[in-house]
Amino acid sequence: SAVISQKPSRDICQRGTSLTIQCQVDSQVTMMFWYRQQPGQSLTLIATANQGSEATYESGFVIDKFPISRPNLTFSTLTVSNMSPEDSSIYLCSVVWTGGNEQFFGPGTRLTVL
Amino acid sequence: AQKVTQAQTEISVVEKEDVTLDCVYETRDTTYYLFWYKQPPSGELVFLIRRNSFDEQNEISGRYSWNFQKSTSSFNFTITASQVVDSAVYFCAGGTSYGKLTFGQGTILTVHP
């Protein structure tokens, strides 16, 4: 299985600032995704991180708010911009493994916005 | 649009009891993928199983078993002889494209000693 790491593991940020979350995978994967889990809620897909091209966003999420980079097949970043308390969530990186048979999630980044 | 419904919000059992978590996946697509994940108190999401819509064969892995019935769009998960370590939130998820999953609201399972 893929080993996924995220940095930071948690952070407390002030309203109006931005935070960049890093996701590193120990092997090359074709597909990487970013999900959000709001407090006490389920997971929601934010976007697909495409290597070498712009990310594909789901309904309700926009690039200006959640810019994503994916410079290679093992690394991606998600930025949460101009944060407000409503952005307080766990942000998870996810990868599809072995031809789509398994999908793994990173440990998550727990973000609190004051 | 897809929808995942987990009927039970919370389940409480005593150790060694069997417990079944229900999941119904609604989609107009004929080909789709279903998953179960475990989220223990530590917060990480643990992959348990993936099932394709064209494979209705039930699966057993140790104390875990899964029953998929395409006719009712149900993908139920049974833990046999539950243990305290099974206490967690369990998510059912489905999707028609690799990686793009719709999650249910989760079932909080508490196993008491």
Side-chain angles (χ1 to χ4, degrees), chain A residues 1-6 8-10 23 25 29-51 55-61 68 70 73 76 88-112, chain B residues 1-10 21 23-25 27 29 31-55 57 59 61 64 66 68 75 88-109:
Chain A
S1 65
V3 176
I4 307 170
S5 60
Q6 288 185 230
S9 58
R10 58 176 63 226
C23 175
V25 190
V29 291
T30 305
M31 290 178 273
M32 293 179 74
F33 305 86
W34 287 98
Y35 283 78
R36 179 177 74 181
Q37 186 176 23
Q38 294 178 297
Q41 301 296 314
S42 185
L43 283 80
T44 301
L45 177 63
I46 298 172
T48 303
N50 299 309
Q51 195 264 328
T56 307
Y57 291 85
E58 298 300 307
S59 176
F61 298 95
I68 288 171
R70 190 172 175 201
L73 294 177
S76 178
S88 297
S89 295
I90 300 173
Y91 292 87
L92 301 102
C93 172
S94 179
V95 304
V96 175
W97 188 245
T98 61
N101 287 330
E102 297 172 321
Q103 182 163 352
F104 297 103
F105 286 80
T109 295
R110 187 180 296 270
L111 171 62
T112 301
Chain B
Q2 297 126 39
K3 183 179 180 183
V4 180
T5 302
Q6 295 183 244
Q8 306 107 330
T9 303
E10 292 190 52
L21 284 62
C23 174
V24 173
Y25 179 65
T27 181
D29 295 287
T31 300
Y32 51 89
Y33 313 96
L34 296 173
F35 294 77
W36 275 96
Y37 288 90
K38 174 183 180 179
Q39 189 173 45
S42 54
E44 78 272 21
L45 212 60
V46 179
F47 169 85
L48 295 178
I49 191 172
R50 173 188 185 264
R51 172 64 71 222
N52 302 327
S53 58
F54 47 84
D55 181 3
Q57 186 174 8
E59 182 155 341
S61 176
Y64 295 170
W66 292 268
F68 172 55
F75 186 40
V89 182
Y90 290 85
F91 289 100
C92 178
T96 56
S97 302
Y98 286 152
K100 301 176 73 170
L101 299 181
T102 299
F103 279 77
Q105 285 304 303
T107 297
I108 301 171
L109 173 65

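Every chain is numbered from 1, with letters handed out A, B, ... down the list of sequences.
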Heavy-atom pair with the smallest gap, counting every atom of B:Phe47 and A:Gln103: CD1-O, 3.6 Å
- prompt: Which heavy atom of B:Gln105 sits nearest a heavy atom of A:Ser42, and at what distance?
  reply: NE2-CB, 3.8 Å
- line: Whatever's closer than 4.5 Å to a heavy atom in chain B on A:Thr48 counts as side chain
query: Pairs in or reaching into residues 39-48 of chain A: which pass salt bridge (Lys or Arg N to Asp or Glu O under 4.0 Å), with residues at least two apart or in two chains?
result: none
Please report the interatomic distance [atom1]([X]) to [atom2]([Y]), rounded to the nearest 0.5 Å.
| X | Y | atom1 | atom2 | value |
| --- | --- | --- | --- | --- |
| A:Phe33 | B:Leu101 | CZ | CG | 8.0 Å |
| A:Glu102 | B:Leu48 | CD | CG | 11.0 Å |
| A:Phe105 | B:Tyr37 | CZ | OH | 4.5 Å |

- line: Sorted by chain and residue number, the side chain to side chain donor-acceptor pair (under 3.5 Å) partners of A:Thr109 (sequence neighbours excluded) come out as A:Gln6
field: 4.5 Å side-chain heavy-atom contact, A:Gln37 and B:Phe91
entry: yes
